[in-house]
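The structure under discussion appears below in the form of structure tokens.
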Amino acid sequence: MGPNLGNSMWHSGTLAAAKQSVLLGVKGIALSTPVGKSEPDFESLDPFVEQALTVLLENTNLGLYNVNFPRKPKGLQWTRQSVRLYDGSVVPGHDPMGRKHYWITVKPLELAEEGTDRWAVKNDLVSITPLRLDLTNETELKSHEPTVILSKTN
């Protein structure tokens, strides 16, 4: 529980499990929804979970998908990952046993772009983001090929 939108994909255990699924040759689908002070209304999400899974499972190709459900969905939207810059701060505090801890907070510096996962969920749409395991920046890599850097030895 809890959304795995935008940059938070990097930290998601739910998405990590879906990635492992793909590495084992099985389609990987991460399903997430926001959590407040009470449990999400799973019953109202049921038809949208069924619809999203139908869309994703009808294609038998191997794939990795990150699916995020808003609290009250109106439909589904294919999206791309929202990548935004944040302004963060560190708030020191103490846990119930008196040990010091640090709470890291972030505030986005710009609005979510239309067509992104964050935008879809903010607009009450289920976000379906197709992902890939290979994070290689192909453009950067091509700018360095076929450069070989040899180590200098003494």
Side-chain angles (χ1 to χ4, degrees), residues 1-91 101-149:
M1 290 192 292
N4 290 308
L5 298 165
N7 299 347
S8 68
M9 285 188 206
W10 287 96
H11 314 289
S12 168
T14 305
L15 191 52
K19 288 184 229 176
Q20 289 301 311
S21 174
V22 175
L23 291 170
L24 293 170
V26 178
K27 185 177 292 196
I29 303 171
L31 304 173
S32 305
T33 189
V35 181
K37 292 184 179 186
S38 61
E39 289 282 317
D41 181 6
F42 290 114
E43 200 169 306
S44 70
L45 295 178
D46 280 350
F48 294 95
V49 171
E50 184 177 344
Q51 188 178 3
L53 289 176
T54 298
V55 166
L56 294 173
L57 295 175
E58 68 186 16
N59 178 348
T60 58
N61 293 335
L62 186 63
L64 175 62
Y65 302 93
N66 188 34
V67 182
N68 281 275
F69 297 88
R71 294 185 199 286
K72 296 183 181 192
K74 295 188 242 174
L76 291 123
Q77 173 82 38
W78 285 94
T79 59
R80 68 183 189 282
Q81 179 185 6
S82 171
V83 178
R84 301 190 297 177
L85 298 176
Y86 292 88
D87 183 16
S89 62
V90 178
V91 180
H101 70 247
Y102 298 91
W103 189 265
I104 300 172
T105 64
V106 294
K107 183 173 86 177
L109 294 175
E110 65 255 349
L111 298 173
E113 294 177 64
E114 187 171 344
T116 63
D117 53 3
R118 286 185 183 284
W119 179 89
V121 170
K122 183 179 180 193
N123 287 280
D124 297 324
L125 298 169
V126 175
S127 166
I128 302 175
T129 307
L131 301 172
R132 63 184 191 178
L133 294 176
D134 183 352
L135 298 175
T136 305
N137 180 337
E138 299 294 339
T139 304
E140 175 79 12
L141 181 60
K142 284 180 184 175
S143 74
H144 297 288
E145 289 182 314
T147 305
V148 175
I149 302 169

For K27, check side chain to side chain contact (heavy atoms under 4.5 Å, CB included) against everything at least two apart and list the hits.
-> I29, L57, N59, Y65
Any idea which heavy atoms bring [X] and [Y] closest together, and the distance?
X	Y	answer
A52	I128	CB-CD1, 4.3 Å
G2	S32	O-CB, 3.3 Å
A120	S127	CB-CB, 4.0 Å
P40	P34	CG-O, 3.6 Å
T79	P130	O-CD, 3.5 Å
P3	S8	O-OG, 3.9 Å

Derivation of the side-chain contact (heavy atoms from CB on, under 4.5 Å) call for K142 and T139 | CA-CA 5 Å; K142 284 180 184 175; T139 304; over 6 Å; no
Determine whether Q77 and N123 make a side-chain contact, defined as any pair of heavy atoms from C-beta on separated by less than 4.5 Å.
-> no
Check: Q81 side chain, G6 main-chain N or O, donor-acceptor pair, under 3.5 Å | yes
Side-chain (D134) to main-chain (T136) donor-acceptor, under 3.5 angstrom = yes
What's the spacing between [X] [atom1] and [Y] [atom2] if we round to 0.5 Å?
X	Y	atom1	atom2	answer
K72	L45	NZ	CG	11.0 Å
L15	N66	CG	CG	5.0 Å
Q51	L56	CD	CG	10.5 Å
F48	L31	CZ	CG	14.5 Å
N137	H144	CG	NE2	8.5 Å
Q20	L133	CD	CG	9.0 Å

Applying side-chain contact (heavy atoms from CB on, under 4.5 Å), run through L62 and V22 and close with a yes or a no.
-> CA-CA 7 Å; L62 186 63; V22 175; 4.1 Å; yes
Enclosure of [X] [atom1] (heavy-atom neighbours >12, cutoff 6.0 Å):
X	atom1	value
E50	CD	no
W78	CH2	yes
L23	CG	yes

Derivation of the side-chain contact (heavy atoms from CB on, under 4.5 Å) call for L125 and W119 | CA-CA 9 Å; L125 298 169; W119 179 89; 4.1 Å; yes
T129: which of N4, N68, D117 passes side-chain contact (heavy atoms from CB on, under 4.5 Å) | D117
Intermediate values then yes/no, side-chain contact (heavy atoms from CB on, under 4.5 Å), L64 and K19 = CA-CA 7 Å; L64 175 62; K19 288 184 229 176; 3.7 Å; yes
